[in-house]
Each structure stands twice: as C-alpha cells, then as structure tokens.
Novice: 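Okay, handing you the structure first.
Hydrogens, waters and symmetry mates are skipped; everything else that's a heavy atom, side chains included, is used. These figures come from a predicted structure and were not determined experimentally. Lettering follows sequence order; numbering is per chain, from 1.
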Protein chains: 2
Amino acid sequence: MVKAVGKRYGQVDQGVPAHVRLASALRDTIASGELLPGDLLPGDAALMDATGLARGTVRQAVATLRAEGLVQTRQGARTSVLQRPRLQPFSELLSFTAWARQQGANPGARMVELVRRSVDPAVAHELRIGDNDLVWTMVRVRLLDGVPVMVEHAAYPERIGALLVDADLEAGSVYAALAEHGIEVASGHHRISAIAAEAADAELLRARPGTPLLRQERTVFASDGTPIEHSDDRWRGDSIVLDAVNSVQGSQLARRAPD
Amino acid sequence: MVKAVGKRYGQVDQGVPAHVRLASALRDTIASGELLPGDLLPGDAALMDATGLARGTVRQAVATLRAEGLVQTRQGARTSVLQRPRLQPFSELLSFTAWARQQGANPGARMVELVRRSVDPAVAHELRIGDNDLVWTMVRVRLLDGVPVMVEHAAYPERIGALLVDADLEAGSVYAALAEHGIEVASGHHRISAIAAEAADAELLRARPGTPLLRQERTVFASDGTPIEHSDDRWRGDSIVLDAVNSVQGSQLARRAPD
DNA sequence: GATCAAAACGTGTCCAGACAGGTTTCCCCA
DNA sequence: TGGGGAAACCTGTCTGGACACGTTTTGATC
C-alpha cells in the first residue's frame with residue numbers, strides 16, 4: 001500500500017514542491033479506491049521511507065489533506081481517510097461559465113441591464129462605498145443549454161464596472177474580463193437562503209411567482225482585500241444543489257438567523 | 001502593532017500549543033479592528049522577536065490562519081488580512097440545540113415519529129446499508145422560542161438508533177445523547193437546495209403548501225468513518241441563512257446540477 | 001522626477017534532531 | 001479468557017539551520 005503511494009509520488013510532476021507532490025500522491029491513492037473511508041494511511045516513517053522526504057515535509061503534506069477534509073488525524077493514532085464528495089476550485093464555484101463548461105453544458109447569458117446608479121445601503125456597505133455613491137449594476141439571465149436557470153443581480157464599484165462596459169457579457173465571463181485587466185479574485189463570502197420568486201425574476205426564469213429560488217448572495221474580494229463585486233444570484237430551485245463538507249478540523253459553513 | 005500581537009500572545013492560555021496560541025493572538029488582533037482587511041501582518045522575524053518562538057512555529061500559526069481564510073500569503077510579499085464573517089464550530093453547525101442557545105433563543109422539539117423501517121435506496125446508500133435493511137427514522141419539528149422553523153427527517157443505522165429510543169429527544173440533542181454512549185461526530189457532507197413545501201411539511205411548519213424551504217441534507221460520519229446519520233432538514237425560508245467563506249487557498253463549497 | 005539595478009526584506013521550502021504524549025500491540029499472570 | 005502493564009508505534013510539537021525565490025526599498029544616474 002505504501003508502495004502505491006511511493007509509485008504515485010514518483011509520477012507527480014517534479015516541478016512542484018515536494019510536500020505538494022506527496023499530498024497529490026496521497027489524494028490520488030484515495031481517489032483510486034485503493035484507500036477507502038476508514039482505512040489508515042501509512043505512518044510518517046513509512047512515507048519517509050517510500051519518498052525519501054524528511055518527516056516535516058511528510059507532515060506538511062498530511063496537514064494539507066487534513067485541511068481539505070480528506071483525512072482525520074489524532075495524536076498517537078494512525079491517520080484515517082474520511083469520505084467526501086468531489087469539490088471544485090474556487091474559480092469554478094464563482095464562474096457560471098466555467099462551471100457549466102466543466103459539466104459539459106452550454107452556458108448562455110442574456111443581458112437585461114447594465115447601468116450606473118446608487119444601491120441600497122446594505123450593498124453599499126458590502127462594497128465599502130458611501131450610501132450615495134454610484135456603482136455599476138447589472139442584471140443578467142443565465143442559461144444552461146438554452147434554459148433559463150438563474151437571474152444574476154450584480155453590483156460593481158465604479159472602477160471595476162468601468163472595465164466591464166466594453167466587454168461582451170453575453171458571451172463571456174465577468175471574471176475572465178477582469179483578469180484581462182489584471183484583477184484577480186482571491187476570496188468570497190456567500191450567504192445562502194431560500195426565497196419565493198418575485199414577479200420580475202419569475203418572468204425571467206419562466207416560472208410562476210412564488211416558486212422557490214435558491215438565493216446565493218456573494219461578496220467577492222480581490223487579492224488586495226478590496227471588494228470588487230456584490231452579487232445576488234437567484235437560481236430556480238430545481239436547477240442547483242450546493243455541496244459542502246465540514247469536519248471538526250475545519251468548517252467554512254455557518255448557520256444563522258436572517259438579518 | 002507587533003507589540004499588540006506579542007501582548008495578546010502573552011495573555012493566551014499557556015496550556016495550549018504555542019502555534020495555537022499565536023494563531024489565536026493574531027486572530028484576536030484582527031477581530032479587534034487593529035488590523036483591517038488589506039493590512040499587513042508583521043513578518044516572521046518580527047513575530048519571532050515578539051514571541052520568542054522559532055520561525056517554523058510562527059509559520060505554522062500563519063498557515064492555520066490561511067487555512068481558515070483569514071489571511072492571504074504570497075512568497076516574498078507580506079501576509080495580508082482578508083475579510084470574513086464570523087464562523088462557527090462544527091458542533092454548533094450540526095446541533096440545532098447548540099445553535100439556538102448560542103444565539104440566545106429557546107430551542108424546542110416536537111416528536112412526530114420514531115420508527116423502524118426501510119428507507120429509499122439513496123438514503124440506504126448514504127448509510128452504507130442494504131436496500132432492505134431496517135433503520136430508525138425520526139421526524140421532529142424544531143422550534144425557536146416556540147415557533148416552528150424546521151422539520152427534520154432523520155435516519156439512523158440500527159445500532160445508532162437503538163441508542164436513541166430511550167433518549168428524551170424533545171428536550172435534548174441527538175448528538176449529546178450519542179456522545180453519552182461514546183459516539184463522537186467527526187465530519188459531514190451537506191447538500192443545500194431550495195424546494196417547495198409539500199402538504200405534510202407545510203402543516204408542521206404552519207405555512208402554505210408550496211412555500212419555499214431551504215433544504216439541508218446531511219450525512220454525518222463518526223470518527224471511524226462510518227456514517228451514523230442521514231438527515232434532511234427543511235427550514236422555513238425566512239428562518240435561516242447559511243454563510244460560507246471561500247478563497248483560492250481553500251474552498252469547501254461546490255455547485256452542481258441536481259441528481 | 002523617472003528609471004534601473006542592487007540590496008534588503010520577506011515568504012516558501014526542506015532538512016535533521018529531540019521531546020511530549022496518545023494509541024495499539026504484545027506479553028505475562030491470575 | 002480477561003486484565004494489566006510495558007514496549008513499540010504513532011502523531012504533535014518545537015527548535016535551529018540553510019537555500020530558493022519573489023517582492024519591496026534604496027541609491028545612483030540621467
């Protein structure tokens with residue numbers, strides 16, 4: 001078993017740090033079914049033998065898997081495999097276009113509006129601007145294989161929105177357009193809730209008013225910590241599921257009463 | 001600024017590992033507002049001076065904050081603060097009772113049924129039992145300050161359910177009851193979607209059929225990796241918001257099309 | 001004031017060593 | 001066969017050292 005890990009370690013691209021290589025080899029061994037949930041990973045000493053790495057480096061690789069929720073560790077006891085669904089990179093989580101393509105569907109967008117106006121104080125607060133400042137707001141319908149599945153209400157600070165006015169937002173992704181101007185997204189906060197469709201959204205989604213929508217509000221930050229987008233995606237309830245994994249060793253999900 | 005960190009480090013309980021202490025001191029410094037999003041943390045050398053710790057230990061504390069999504073790091077550049085909402089421990093995320101109490105509300109439960117029966121194949125699969133095996137299934141209404149906010153449909157493998165039949169599940173928490181028998185929860189998978197209330201759930205929640213519900217399905221695993229619960233919580237849409245944080249350095253949330 | 005190169009700074013990685021303490025296995029005895 | 005203790009195993013922590021490499025600042029020149 002430790003031989004399988006060592007073999008995989010030897011097959012991973014040597015241009016990456018050793019601890020990343022080993023984490024990848026372990027991840028692949030788990031994904032292959034050779035290690036099942038509840039099974040024990042090789043210990044530090046065995047992994048050191050199989051890879052020629054120092055113990056600190058081995059520990060770092062295992063710590064990476066722990067932070068991903070793949071394994072569980074306990075002092076004195078062998079590290080064990082946890083079960084988890086497939087997750088996705090942040091970029092894919094953010095971008096409707098990337099997500100649709102990853103699942104083999106044809107993404108589409110229909111622009112409803114892109115205007116400069118002021119927004120309500122809660123959104124202004126999220127974007128860290130004054131209540132009366134102007135922002136660029138956009139409404140788009142997002143389609144999968146021609147079927148409307150989501151209405152997106154997004155707000156951008158002036159300097160960000162200005163980069164988008166000339167972009168083709170029916171064919172491409174906001175984030176791709178921003179990346180062309182050197183703006184990279186780094187993190188986001190999501191707020192998830194269930195709402196009843198109002199008349200305008202219902203019409204855009206070809207559904208009855210009152211139909212349940214999964215509401216996904218999001219504030220997205222650039223790598224310098226400034227907010228670059230506040231969006232409010234309203235998905236047809238029958239079009240999406242969100243998966244999340246959590247463990248006592250790391251949880252990025254929280255429940256609260258509404259504001 | 002680094003003095004503030006050093007002072008906080010000195011105030012943290014010495015019974016915990018040094019890297020945990022430092023991570024806590026840094027977390028508190030950020031939470032206090034002394035470090036704002038975009039601000040730079042002191043570098044390794046300054047933190048070493050302020051705390052007397054080795055560089056490896058300092059790096060480990062910073063890596064902890066990075067995994068939590070609190071800070072962003074980049075080779076050669078100073079570590080910077082990211083913005084994030086308050087999150088909650090896993091135990092609080094899982095337990096309605098703990099969550100309600102944490103927010104100062106009075107939790108309640110009304111048992112609808114607790115019976116042994118077989119369940120549909122998808123649930124059987126999640127619990128890793130045969131399609132015709134019997135499980136304990138439970139339906140409860142959960143109340144906050146006497147108001148019904150959630151209907152919980154839960155399924156337990158026989159050996160787990162058997163521990164619950166004698167517990168007072170209107171007054172207390174399933175997880176607390178299991179913990180009394182040495183069963184500790186370790187991780188979970190969540191699936192989040194929006195649905196329309198069926199007649200039975202609507203009646204229990206005192207809402208109209210068709211009203212939007214936030215559906216939170218969950219499979220919970222014990223520390224040995226075995227599934228101990230499959231639950232399907234249906235929350236009134238107006239009673240709950242789920243917060244999640246994500247970054248390019250770690251994301252535990254994923255979007256997919258429904259099965 | 002602008003530009004460029006070098007120096008200083010800061011982070012990422014990796015190593016070897018040592019100690020603490022929890023878990024698991026093995027052996028012995030009743 | 002069951003229980004207890006010791007040994008072996010395993011993970012968690014911490015240290016100091018060194019090298020690689022990316023970022024920021026400084027100083028010199030035009």
Novice: Please write out the pairs of protein N or O atoms and N or O atoms of nucleotides 16-18 of chain C separated by less than 3.5 Å, giving the distance to one decimal.
Specialist:
{"from": "dA18(C)", "atom 1": "N6", "to": "Arg55(A)", "atom 2": "NH1", "distance (Å)": "3.4"}

Novice: Would Leu47(B) and Leu53(B) count as a side chain to side chain contact (heavy atoms under 4.5 Å, CB included) if you check the C-alpha gap in whole Å, the side-chain angles of each, and the deciding distance to 0.1 Å?
Specialist: CA-CA 8 Å; Leu47(B) 290 174; Leu53(B) 299 178; over 6 Å; no
Novice: Please pick, from dT24(C), dA20(D), dC10(D), the nucleotide with the shortest atom-to-atom distance to any side-chain atom of Gln75(B).
Specialist: dA20(D)
Novice: Using whole Å, report how far CE of Met48(A) lies from P of dC9(D).
Specialist: 15 Å
Novice: How long is the straight-line distance from CD of Gln11(B) back to CG of Asp28(B), given to the nearest 0.5 Å?
Specialist: 9.0 Å
Novice: May I ask you to decide if Leu93(B)'s main-chain N or O and Arg255(A)'s side chain share a donor-acceptor pair within less than 3.5 Å?
Specialist: yes
Novice: Could you give the distance from OG (Ser231(B)) to CE (Met138(B)), rounded to the nearest 0.5 Å?
Specialist: 8.5 Å
Novice: Can you see whether Arg191(B) engages Thr219(B) through a side-chain donor-acceptor pair at a distance of less than 3.5 angstrom?
Specialist: yes
Novice: Considering only heavy atoms, which members of residues 8-21 of chain B lie under 4.0 Å from some atom of DNA chain D?
Specialist: Pro17(B), Ala18(B), His19(B)
Novice: Measure from CD on Gln60(B) to P on dC14(C) and round the result to the nearest Å.
Specialist: 16 Å
Novice: Hey, is CG on Asp13(A) packed in by over 12 heavy atoms from elsewhere, all under 6.0 Å?
Specialist: yes
Novice: If we ignore hydrogens and angles and just use 3.5 Å, is the side chain of Arg66(B) paired with the main-chain N or O of Val71(B) as donor and acceptor?
Specialist: no
Novice: Please state how far atom CG in Leu22(B) lies from atom C1' in dT13(D), giving the value in whole angstrom units.
Specialist: 14 Å
Novice: Check the distance between dC10(D)'s P and Arg78(A)'s CZ and give it to me in whole angstrom.
Specialist: 6 Å
Novice: Which nucleotide, dC15(C), dT11(D), dT23(C), lies nearest any side-chain atom of Thr57(A)?
Specialist: dC15(C)
Novice: Please determine whether the number of non-hydrogen atoms from other residues, nucleotides or ligands lying under 6.0 Å from atom CG of Asp168(A) exceeds 12.
Specialist: yes
Novice: Mind calculating the distance between CG (Asp49(B)) and C1' (dG16(D)) to the nearest angstrom?
Specialist: 15 Å
Novice: For Ile228(B) versus Tyr156(B), what's the shortest heavy-atom pair and its separation?
Specialist: O-CD2, 3.3 Å
Novice: Round to the nearest Å and state the distance from Leu40(B) atom CG to dC9(C) atom C1'.
Specialist: 13 Å
Novice: Would you indicate which nucleotide in dT11(D), dT13(C), dT11(C) comes nearest to any side-chain atom of Asp44(A)?
Specialist: dT11(D)
